[in-house]
Protein chains: 2
Amino acid sequence: MPVKKIPETTISRLFLYLRKVTELSKLSMKRVSSAELGESLNLGAAQVRKDLGYFGQFGVSGSGYVVTELKEKLSKILSKHKTFNVAIVGTGHLGSALLAYSGFEKQGLNLVAAFDTDVNKIGKQLQGVEIESVSDMKDIIKEKKILLGIIAVPAKGAQDVADILTNAGVKCILNFAPKHLNVPEEVKVRDVDLSRELEMLSYFLGNGKKVKL
Amino acid sequence: MPVKKIPETTISRLFLYLRKVTELSKLSMKRVSSAELGESLNLGAAQVRKDLGYFGQFGVSGSGYVVTELKEKLSKILSKHKTFNVAIVGTGHLGSALLAYSGFEKQGLNLVAAFDTDVNKIGKQLQGVEIESVSDMKDIIKEKKILLGIIAVPAKGAQDVADILTNAGVKCILNFAPKHLNVPEEVKVRDVDLSRELEMLSYFLGNGKKVKL
DNA sequence: ATATTGTTGTGATTTTTTTCACAGATTTCG
DNA sequence: CGAAATCTGTGAAAAAAATCACAACAATAT
Ligand SMILES: NC(=O)c1ccc[n+]([C@@H]2O[C@H](COP(=O)([O-])OP(=O)(O)OC[C@H]3O[C@@H](n4cnc5c(N)ncnc54)[C@H](O)[C@@H]3O)[C@@H](O)[C@H]2O)c1
Ligand SMILES: NC(=O)c1ccc[n+]([C@@H]2O[C@H](COP(=O)([O-])OP(=O)(O)OC[C@H]3O[C@@H](n4cnc5c(N)ncnc54)[C@H](O)[C@@H]3O)[C@@H](O)[C@H]2O)c1
């Protein structure tokens, strides 16, 4: 099979296309061109076509893409038909916010477990999920077949949590702690560094283009 | 001045170097080499040197970088000595979590205003900040000289909020809504798309490397 | 002193990603 | 039906970013 390597940026954009095309299908739009798809996301038409092109050719020369069909294919490519169990570790401000978010379920991501070290939180319910002790984490993760973990604990504890997670068989981690995690290479980590996002912006505020040293 | 264009990825990494070097300085480490700096972030030594190189030469051949000096320079480059006023729009789950986060103040980012449309929330205090009506937003932003806005409202309202913010003079926006924002070109937007981050991971879970169509 | 070792700064090279540009397919219109 | 207009798919070109590789220099050892 001619498996060209697909850029991660492409995958990332695929989700945007899927969102858009889902909207369009709700509006009963029949077809859409690469230009239209890219427009509101400001991406060039060529970019859109190249991205889609990695997965075969499902456009129609002269008339664009059939909305329902594209939606179907994208869903398949992006594993939207599957569901996964997700655990959240750290039920502080951020962890609670994530637990409360209803959008994940719609995307096939079920937050089925929450862990913390705080004895005052353990045993309590949050959005219908019981907060359990990190010391039981390994067993529960195996038991519930959880493959995806979200780390929302302070930087100090993040590596420990990551170790337990990977040890228990978790294959992907979304990490909110401002700390690089060392994990086995088959485990995929994505970092969301909110402080850094804001800092980046303050950098632009502070010295726009020019940097004087 | 020879202003080579500096990649945004470089700026982003600079914050990591600053964090690391701040840690090292607390441990009273005197010097650090590019290799050491990169190690725990898994970045190559060459990458580190190139990044730093954009801002002049502050390393010492043969012995690396002087920790305190590097820390100082990075702080300066990254505008760490300045402070900025920040407004948060949308005081739901996510907005509240951000308001509660104490780390921002330490970074010179003061969350001085919070806005919502929900009449049940307006007037209440959250972390010492009063939640105010979006209809007063423009005036308050000008009054408090707020240059940075955080959008934590549902996708539906995001563009409207962005319009008001930019209209009031905000120069940077951190956007959590899963929606591309149209803003004047001098305004800098960074998107944090949490759903997409998780979706990306589920993509990897779903079909690892191979994609069958 | 001189050799040896370690490390920076940076031009050159490679890799990755985006953009261009156009042949070929499809639809529309007169 | 044939001409004109519209699009895709993709190789080629360009741009951006990461990596390599090495001269120049500093510290240390002999
Ligand atoms: N909240 C924000 O807006 C924000 C902004 C930037 C970065 N972050 C980062 O996100 C992470 C979470 O932030 P937060 O504001 O939710 O923190 P928080 O302090 O509100 O919550 C942390 C939670 O983790 C629990 N915890 C601590 N150590 C643990 C461990 N080893 N195992 C399991 N649970 C543990 C604590 O009991 C607490 O409930 C932190 O790393 C923080 O730096 C958060
Ligand atoms: N919470 C999460 O974990 C999570 C995950 C993924 C994405 N998001 C995105 O982040 C954003 C915020 O999420 P949330 O969970 O905090 O939502 P939420 O529903 O908890 O809060 C939204 C808040 O915004 C207010 N609001 C609505 N329209 C407004 C307007 N036009 N102006 C000002 N305020 C307005 C509401 O009154 C509410 O207080 C959403 O766009 C959501 O899609 C959140």
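Convention: sequence-line order gives letters A, B, ...; per-chain numbering from 1. Any value given below was found using the heavy atoms of this structure, including those in side chains, with hydrogens, waters and symmetry copies removed.
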Given B/I173, which partner from the list B/V161, B/T166, B/L148 fulfils the side-chain contact (heavy atoms from CB on, under 4.5 Å) test? B/T166
Exam field: side chain [X] to backbone [Y], donor-acceptor pair closer than 3.5 Å:
{"X": "B/E186", "Y": "B/K171", "value": "no"}
{"X": "A/Q47", "Y": "A/G44", "value": "no"}
{"X": "A/T91", "Y": "A/S96", "value": "no"}
{"X": "B/K144", "Y": "B/A113", "value": "no"}

Specify the separation, in whole Å, of atom [atom1] of [X] and atom [atom2] of [N].
{"X": "B/L52", "N": "D/dT19", "atom1": "CG", "atom2": "C1'", "result": "16 Å"}
{"X": "B/I6", "N": "D/dA16", "atom1": "CD1", "atom2": "C1'", "result": "15 Å"}
{"X": "B/K5", "N": "D/dA16", "atom1": "NZ", "atom2": "C1'", "result": "7 Å"}
{"X": "A/L70", "N": "D/dG9", "atom1": "CG", "atom2": "P", "result": "10 Å"}
{"X": "A/F55", "N": "D/dT8", "atom1": "CZ", "atom2": "C1'", "result": "17 Å"}
{"X": "A/L43", "N": "C/dT17", "atom1": "CG", "atom2": "C1'", "result": "13 Å"}
{"X": "B/Y54", "N": "C/dT10", "atom1": "OH", "atom2": "P", "result": "12 Å"}

Short heteroatom pairs, N/O only, protein and nucleotides 2-4 of chain C, under 3.5 Å:
none

How would you list, by chain and number, every residue that makes a salt bridge (charged side-chain N to carboxylate O under 4.0 Å, His left out) with A/R31, sequence neighbours excluded? none
Taking only residues two or more places apart in sequence or in another chain, which ones pass salt bridge (charged side-chain N to carboxylate O under 4.0 Å, His left out) with B/D116?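 For B/D116, no residue satisfies salt bridge (charged side-chain N to carboxylate O under 4.0 Å, His left out) once neighbours in sequence are set aside.
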Would you say A/M200 and B/S12 make side-chain contact, with heavy atoms under 4.5 Å?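 Contact flag for A/M200/B/S12 side chains = yes.
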Flag the pair B/L43 / B/L37 as yes when at least one side-chain heavy-atom distance between them is below 4.5 Å, and no otherwise. no
Who passes side-chain hydrogen bond (donor to acceptor under 3.5 Å, both in side chains) against B/S40, sequence neighbours left out? B/K20
Please encode protein proximity along nucleotides 20-30 of chain D as a string of B, S and -, counting only heavy-atom distances under 4.0 Å. BB---BS----
Below 4.0 Å: OP1/OP2 of [N] and any side-chain N or O of [X]:
{"X": "A/Q47", "N": "C/dT18", "value": "yes"}
{"X": "A/S34", "N": "D/dT8", "value": "yes"}
{"X": "A/Y65", "N": "D/dG9", "value": "yes"}

Could you tell me whether A/G59 contacts a base, only the sugar-phosphate backbone, or nothing, with contacts defined as non-hydrogen atoms closer than 4.0 Å? sugar-phosphate
Within the structure shown, what part of the strands sits under 4.0 Å from B/G64 by heavy-atom distance: base, sugar-phosphate, or nothing?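 The answer is sugar-phosphate, as B/G64 gets under 4.0 Å only of primed atoms, P, OP1 or OP2.
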Do other residues, nucleotides or ligands put more than 12 heavy atoms under 6.0 Å from B/E72 CD?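 Not buried by this count: 12 neighbours or fewer within 6.0 Å.
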Close approaches to DNA chain C from residues 8-18 of chain A, in residue order (heavy atom, under 4.0 Å):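 DNA chain C contact set from residues 8-18 of chain A: A/T9, A/R13.
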Check step by step if side-chain contact (heavy atoms from CB on, under 4.5 Å) holds for B/V86 and B/F104. CA-CA 10 Å; B/V86 180; B/F104 296 134; over 6 Å; no
